[in-house]
Amino acid sequence: MRNLKNILVTGGAGFIGCNFIRLLLEQEPAFTGRIINLDALTYAGNIASLADLAGQFGGTRYCFEHGDICDRGFVDALFKKYGVDTVVHFAAESHVDRSIYGPETFIKTNVMGTFTLLDAARNAWKQGDGSIRDDVLFHHISTDEVYGSLGETGAFSETSPYDPRSPYSAGKASSDHLVMAYHHTYGLPITLSNCSNNYGPYQFPEKLIPLMILNIVEGKPLPVYGDGRNIRDWVYVEDHNRGVWTILHTGVTGEKYNIGGENEWENIRLLHTLIDLVSKKAGLDPEKARGTITFVKDRPGHDRRYAIDCSKIKRELGWTRKVGFEEGLAKTVDWYLANTSWVDGIRSGEYQRWVEQNYGERR
Ligand code: NAD
Ligand code: TDX
């Protein structure tokens, strides 16, 4: 069992990262250490997602550092300033459509940013004899998309070959290889997890589930790519983060673990389920919403099906999912219906203006 004291969480202002920080500070009494949240506050980062926690734990158990993971001097200084012994690396450009429109940022952040963090960790954790401390850990968060696209049957296991097909997944695949290379070449203590599609509170409303929830409420068109029969394996964000926490504690150094929901849905079927749920909760007519479903041009290189075989983490580390899809979707819809100011802040540009006034235009 590792004893984690000073955890550098990168991308902690994003969807999964902010839920991870909440999980540790609010729900894990076993965690008594400190979290340093390093985030560049790109369009996807929202420090408002953690405003209440900053008030409660700020300065002692939670610190926010605004900066770029590609900035080596800045990252080196953070390792020194906080005596970082653990890195949980969420920071990334994460939206496949944006990677098709503009791949360069994806390569910078996802590949060069990961390299910069790995090399800074190697340097900070090096001992006098050149070896690396064994009481430290670099955990890398990755995705099922590195494995490519499945046919009608089968699931990705940890030994499935890598076959990324978008600039996003190619960058994530490169970062996974760098993490493994730093372990094998330099002895950096690492663990790695590849997770399927997450859903839950605080997800930026460009991703399928929050986008559809908000568009249903607002009576806007519901854009379905291609024939709508692509399949994703959905896991509630808290279950993913519990898996990460389990790996941090008990995962074997040098190993990778798949995390998934064992919960496959065709996009179009999921959309009909969301229409029923949102309409019921918001008092809307589901048939009217169904009339706004719009089949649009397909995403180039659109992966047909993802499914994760997560038997390794279940068998070896005892992780299991706690939140069923019906419960998770209901919680998610409730959260978006209740937190309209969080959504409005993003959509109105007000939040971005606030970031620029308070933090300057770093990126
Ligand atoms: P997100 O886009 O919501 O958040 C990413 C965060 O990283 C943001 O806060 C952003 O400001 C920050 N960031 C981006 N570039 C940065 C940089 N150069 N320096 C510092 N911070 C930077 O993403 P997410 O959905 O929370 O995903 C988090 C991680 O999980 C990513 O590595 C992603 O590949 C992986 N992942 C996501 C999913 C999913 O379904 N969302 C599934 C599997 C894996
Ligand atoms: O408007 C839409 N219409 C649509 O049909 C959007 C935004 C998406 N889709 C489809 C594309 C996918 O088949 O829905 C599916 C899910 O799309 P996204 O939410 O963009 O997720 P995906 O491309 O599957 O990638 C996600 O899961 C793996 C995350 O964004 C990644 O960061 C993660 O690694």
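As the structure lists them, so they are numbered: ligands from 1, and atoms in each ligand from 1.
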Considering both backbone and side-chain atoms of [X], is one of its nitrogen or oxygen atoms within less than 3.5 Å of a nitrogen or oxygen in ligand 1?
X: Asp39; value: yes
X: Cys195; value: no
X: Thr109; value: yes
X: Ser94; value: yes
X: Leu38; value: no
X: Ala91; value: no

Within 6.0 angstrom of [X] [atom1], more than 12 heavy atoms from elsewhere:
X: Arg229; atom1: CZ; result: no
X: Lys312; atom1: NZ; result: yes
X: Glu218; atom1: CD; result: yes
X: Glu326; atom1: CD; result: no

Taking side chain as C-beta onward, heavy atoms only, is Ile209 less than 4.5 Å from Leu329?
yes
Among Asp176, Asn110, Thr114, find the residue that satisfies the side chain to side chain donor-acceptor pair (under 3.5 Å) test when tested with Ser142.
Asp176
Around [atom], find the nearest protein heavy atom and jot down its residue, atom name and distance.
atom: atom 10 (C) of ligand 2; result: Asn267 ND2, 3.5 Å
atom: atom 8 (C) of ligand 2; result: Tyr225 CE1, 3.5 Å
atom: atom 32 (O) of ligand 2; result: Ser94 O, 2.8 Å
atom: atom 34 (O) of ligand 2; result: Tyr168 OH, 2.5 Å
atom: atom 3 (N) of ligand 2; result: Pro223 O, 2.8 Å
atom: atom 21 (O) of ligand 2; result: Asn197 ND2, 3.5 Å
atom: atom 23 (O) of ligand 2; result: Arg299 NH1, 2.6 Å

If you measure from each non-hydrogen atom of Asn110 to ligand 1, which part falls under 4.0 Å: side chain, backbone, both or neither?
neither
Where's the contact between Tyr306 and ligand 1, heavy-atom distance under 4.0 Å: side chain, backbone, both or neither?
neither
Name the option, out of [options], that contains the heavy atom nearest to [atom].
atom: atom 35 (C) of ligand 1; options: Asn194, Val237, Ile141; answer: Ile141
atom: atom 21 (N) of ligand 1; options: Cys70, Ser193, Ala40; answer: Ala40
atom: atom 42 (C) of ligand 1; options: Gly200, Ser175, Ser196; answer: Ser196

Structural part of [X] in contact with ligand 2, heavy atom criterion under 4.0 angstrom:
X: Glu145; result: side chain
X: Leu208; result: both
X: Leu211; result: side chain

Would [X] count as a contact of ligand 1 if the rule is a heavy atom under 4.0 Å away?
X: Tyr168; result: yes
X: Phe204; result: no
X: Thr10; result: no
X: Ser142; result: yes

How far does [atom1] of [X] sit from [atom2] of [Y], to the nearest 0.5 angstrom?
X: Thr253; Y: Asp134; atom1: OG1; atom2: CG; value: 8.5 Å
X: Asp309; Y: Glu158; atom1: CG; atom2: CD; value: 6.5 Å
X: Ile308; Y: Asn263; atom1: CD1; atom2: CG; value: 13.0 Å

Mind checking whether [X] and [Y] have ring centres under 6.0 Å apart?
X: Phe90; Y: Phe20; result: yes
X: Phe79; Y: Trp125; result: yes
X: Phe325; Y: Tyr236; result: no
X: Tyr62; Y: Phe57; result: no

Classify the ring geometry of Trp245 against Phe31: parallel below 30°, tilted from 30° to 60°, perpendicular beyond 60°.
perpendicular
If every non-hydrogen atom of Asp76 is compared with every non-hydrogen atom of Ala120, which pair is closest and at what distance?
OD1-CB, 3.4 Å
Salt bridge flag under 4.0 Å for residues Glu238 and Arg22
no
Do Arg304 and Glu152 meet the salt-bridge criterion of a basic N to acidic O distance under 4.0 Å?
no
Atoms in ligand 2 with a heavy atom of [X] nearer than 4.0 Å:
X: Glu206; answer: 7 (C)
X: Lys207; answer: 19 (O), 30 (O)
X: Thr143; answer: 28 (C), 33 (C), 34 (O)
X: His95; answer: 20 (O)
X: Val224; answer: 5 (O)
X: His302; answer: 11 (C), 12 (C), 13 (O)

For the 3.5 Å polar cut-off, considering only N or O atoms, please tell me whether Asp97 and ligand 2 meet it.
no
Using the ring-ring contact (aromatic ring centres under 6.0 Å, His included) rule, pick out the option among Tyr199, Tyr43, Phe15, Trp342 that qualifies with Phe204.
Tyr43
Would you mind listing every side-chain hydrogen bond (donor to acceptor under 3.5 Å, both in side chains) that reaches into residues 328-340, with sequence neighbours excluded?
Lys281-Asp334
Proximal atoms of ligand 1 relative to [X] (non-hydrogen, under 4.0 Å):
X: Asn197; answer: 40 (O)
X: Lys172; answer: 31 (C), 32 (O), 33 (C), 34 (O)
X: Gly67; answer: 19 (N), 20 (C)
X: Leu41; answer: 11 (O)

Are Leu208 and Tyr225 co-members of a hydrophobic cluster defined by side-chain heavy atoms under 4.5 Å apart?
no
